[in-house]
> 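Take a look at the following structure, please.
Proteins come first, then strands; the chains are lettered A, B, ... in the order of their sequence lines, and each starts at number 1. As a basis for the values below, the full set of heavy atoms in this structure was taken, side chains included, without hydrogen atoms, waters or symmetry mates.
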Amino acid sequence: MLHLKKQTRLHLGWPEDSHKHKDKHKHREHSHKDLKRDKERGNLKNGNSEHRSSSEKKHREKEKERLKHKDKQKEEKFRSSDGKYRDQENGFVSSLSVKVEEDNGYHQPIKHEKPLKREREGDDYEHKPKKVKVDHEKKVKRRKQEDSDYEEREEKKPKKRTKEGKKDSTGGKKKAKNEPQEKWKWWEEEKYTDGSKWRFLEHKGPVFPPPYEPLPDRIRFYYDGKAMKLSPGAEEVATFYAKMLDHEYTTKDIFRKNFFKDWRKEMTSEEKSKITELKRCDFTEMHEYFKAQSEARKQMSKEEKQKIKEENERILQEYGYCVMDNHRERIGNFRIEPPGLFRGRGDHPKMGKLKRRIRPQDIIINCSKDSVHPKAPPGSRWKEVRHDNKVTWLVSWTENIQGSIKYIMLNPSSRIKGEKDWQKYETARRLKKSVERIRAQYREDWRSKEMRIRQRAVALYFIDKLALRAGNEKDEGETADTVGCCSLRVEHIRLHPQMDGQDYVVELDFPGKDSIRYYNKVPVEKRVFKNLQLFLENKQGKDDLFDRLNTSILNKHLQDLMDGLTAKVFRTYNASITLQQQLKELSSSDDNIPEKILSYNRANRAVAVLCNHQRAPPKTFEKSMHNLQTKIDEKKKQLSAAKKELKAAKADAKTLRNEKSKKAVEMKKKAVERISEQLMKLEVQATDREENKQIALGTSKLNYLDPRISVAWCKKWGVPIEKIYNKTQREKFAWAIDMTDEDFEF
DNA sequence: GCATCGACTTAGAAATAGGACA
DNA sequence: TGTCCTATTTCTAAGTCGATGC
């Protein structure tokens, strides 16, 4: 059983490994600290474990025992202190002021405009009985039928657009809210097979951030201690910095340097000649002003807050939805990113640079030719309006930091996202069928005569076993120095023929995505170890470990092994299969709902550890733990008092020997049991929270775990789905919730 | 074969909402 | 009713991977 202990990296289901290295693979730790913890607490149960304890009772006793002796030692930090990786300490960021949009020539929500044309979900859609799969022929037939339906519908469109649209301007949301049963089951329909993403797309375009509002005259900027009025352009950029004064970013040299350089570009020549050093600038008055503003916002009356809320809701209704193929779908991010200072993660060479304001002439609109095109704000034009139904985005622009394209796309609850998500898990399930063959293949390849094949095989082993990311090459100097599997360098790996009583231990230590540190010591098979030794020969720290490999080569090979297979499918597969295995092992019919949920969270946590999903400990973590501890202490006192009372009652019963006193004993006994139970729950909660301190569950839940596993589990064990998925998550996974039976197997 | 681009998914932090509690 | 926490939502950076062009 998985005991109440710190989570360690799981051992995935590896038959070949287990028969060859049974004992060694027990220790697939996540870090030094986990290694230590494991030693202290025994290993996390793994998928192949032969030591599954059968009794839940035993488990609970052990749990209690462990809790009693819980090691209070502070956790060793995941991150190294050499500044190479992201410091996850949260700094405070002063929030931007919220302003009501004004007409500045930019797009802003316009009241009482012609309402968005909306055809209710299901208007034309013929509801079909629930089913999980449709066979191919049927699918094609259906899609064809739909296409002709579509054409018919499209013909009717213009009329509806003007008439019905107006009539239905505000009713849509209410209707949707009141009648959730009307939700469109896109998963019962056919997918497009021609590569197109939609047939009809209509939307209102993006919402621009409010224009810059100059500071009141009383708020001054000081240079060399002297007040100085800045030009509006320079002042705006200065406010970006002023707002971040409390943030750790402003202590970083690169950030300051980049900011100052870009700021000077916005200055008048006079300002430029005066302001030559950042350290002589004093933004504190501005900073205080924004802090006061944010405070004032918090102090707003209920009515004021309500008004803002209503206004936001109105904007959401108007701009937050589009019509795609006859269905009103929620847009994910319909607001244009406001200007500010770039917050790159880790040691990002561009942090602090000015992220410029996006104007309508920067924007490309994508919509149907025959839709009502979004209007550019008065006095402006879009860069382009195109009609590309081979893509899913509605709006795009090029950002000025990396020169990359940003998009406005649909919400995860939309058909277009959901279909893709579903497909992703189906690919992972196909991998399940092929994984043994693929593993056998790469094991064979470890012995290849060709170096490139050996490298490919060892890299794939890491991707499979450790759920590493592929690791594309990155532009040096343009982004933070992070790596994935294929881009690992010599400096990221150490080989230990023997370590902590284990043979062939590989120590991995590198900055991964978002500069999150990956640290792991893992015993590998001898052949892998020998290969790694070979790869390292005559190389320096900065050299690539896999110099004959890149993600393109790897993915091409994977494509040959299985249709649709890429490196990231392994992460999805291993995450989902781990969840399923863990849920099987941890769930017990003896458990009550909270205990079952705890098991679920543990299974989820096992995946998060596997995928190295870390988070900064919440700012209030220590405090909240302290509060919980206080509750526990109080409960303990209560328990000892109850025990005393029980003892006294027993003594009474012994002397009195009557029914009443016997009853009293029973009552007191029950009280003791009840309080014990409550205490245990609190302690479990504390452990759960402690275990979660630096682990983020959300990412895996949202992106890696086939929701059907969770839905099936909920159904099987009678756990309400709401306990596992919140509203947003239920919307995203509506397809899985609707189609999954309790016997679903990933 | 490579560099670059474009589209899309995955990611943690920050902002905000809302519920528990005094 | 206000305050404090936690949970949820929003935001946008940072990945993956296929297409394209030379």
> For DNA chain B, whose closest nucleotide is more 5', that of Thr699(A) or that of Lys420(A)?
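Going by which nucleotide is closer to the 5' end, it is Lys420(A).
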> Salt-bridge test for Glu295(A) and Lys291(A): reply yes if a basic N is under 4.0 Å from a carboxylate O, no otherwise.
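No, no charged N to carboxylate O under 4.0 Å.
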> Just wondering, do Phe259(A) and Thr250(A) contact through their side chains at under 4.5 Å, heavy atoms?
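Thr250(A) vs Phe259(A): side chains apart.
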> Please lay out, stage by stage, how Glu450(A) and Arg548(A) fare under the test salt bridge (Lys or Arg N to Asp or Glu O under 4.0 Å).
CA-CA 10 Å; Glu450(A) 286 186 80; Arg548(A) 309 279 173 93; over 6 Å; no
> Using a cut-off of strictly less than 4.0 Å, decide whether Thr392(A) has a side-chain nitrogen or oxygen near OP1 or OP2 of dC8(B).
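Checking Thr392(A) against dC8(B): at least one side-chain N or O falls below 4.0 Å of OP1 or OP2.
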> Ion pair present between Lys307(A) and Glu303(A), side-chain N to carboxylate O less than 4.0 angstrom?
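Looking at Lys307(A) and Glu303(A), the cut-off is not met.
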> Checking all strands, does Ala480(A) fall into the base, sugar-phosphate, or nothing category for heavy-atom contacts under 4.0 angstrom?
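No contact.
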> Identify the two heavy atoms, one from Phe255(A) and one from Tyr249(A), that lie closest to each other, and give their separation to 0.1 Å.
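Minimum heavy-atom contact is CB-O, 3.2 Å.
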> In whole Å, what is the span from the NZ atom of Lys305(A) to the C1' atom of dT16(B)?
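So the NZ-C1' distance, Lys305(A) to dT16(B), works out to 10 Å.
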> Let me know the distance between CG of Asp246(A) and C1' of dA13(B), rounded to the nearest Å.
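Atom CG in Asp246(A) sits about 16 Å away from atom C1' in dA13(B).
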> Going 5' to 3' on DNA chain C, which nucleotide is the first and which the last to come under 4.0 Å of a heavy atom in chain A?
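Endpoints of the contacted stretch of DNA chain C: dC5(C) to dG18(C).
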> Base, sugar-phosphate or nothing for Tyr704(A)? Non-hydrogen atoms, less than 4.0 Å.
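The residue Tyr704(A) makes sugar-phosphate contact but no base contact.
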> Nearest to the His613(A) side chain among dA13(B), dG12(B), dA7(B), which nucleotide is it?
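So the side chain of His613(A) is nearest to dG12(B).
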> Distance check needed: dG19(B) P versus Lys302(A) NZ, whole Å only.
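So the NZ-P distance, Lys302(A) to dG19(B), works out to 12 Å.
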> Among Lys350(A), Gln402(A), Arg345(A), which one satisfies side-chain contact (heavy atoms from CB on, under 4.5 Å) with Thr479(A)?
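The side-chain contact (heavy atoms from CB on, under 4.5 Å) with Thr479(A) is passed solely by Gln402(A) among Lys350(A), Gln402(A), Arg345(A).
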> Are the charged groups of Asp325(A) and Arg199(A) less than 4.0 angstrom apart, N to O?
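Arg199(A) and Asp325(A): not salt-bridged.
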> Which residue lies toward the 5' end of DNA chain C, Asn726(A) or Leu341(A), if each is placed at its nearest nucleotide?
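The residue whose closest nucleotide sits nearer the 5' end is Asn726(A).
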> For Lys355(A), report the nucleic acid contact type (base, sugar-phosphate, nothing); a contact means any heavy atom under 4.0 Å.
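Sugar-phosphate contact only - Lys355(A) comes under 4.0 Å of backbone atoms but never of a base.
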> Rounded to the nearest angstrom, tell me the gap between atom CZ in Phe570(A) and atom P in dT10(B).
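Going from Phe570(A) (CZ) to dT10(B) (P), I get 16 Å.
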> Rounded to whole Å, how long is the line connecting atom CG of Asn472(A) with atom C1' of dG6(B)?
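Those two atoms, CG and C1', are 14 Å apart.
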> Starting from C1' on dA15(B), measure out to CE on Met300(A) and report it in whole angstrom.
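Spelled out: CE on Met300(A) to C1' on dA15(B) is 13 Å.
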> Can you check whether any acceptor in the base of dT9(B) is under 3.5 Å from a donor in the side chain of Lys568(A), or vice versa?
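No.
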> Can you tell me the distance, in whole Å, between the CD atom of Glu478(A) and the P atom of dC5(B)?
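After rounding, the reported distance stands at 11 Å.
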> What is the distance from NZ of Lys727(A) to P of dG19(B), rounded to the nearest Å?
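So the two atoms are 12 Å apart, to the nearest Å.
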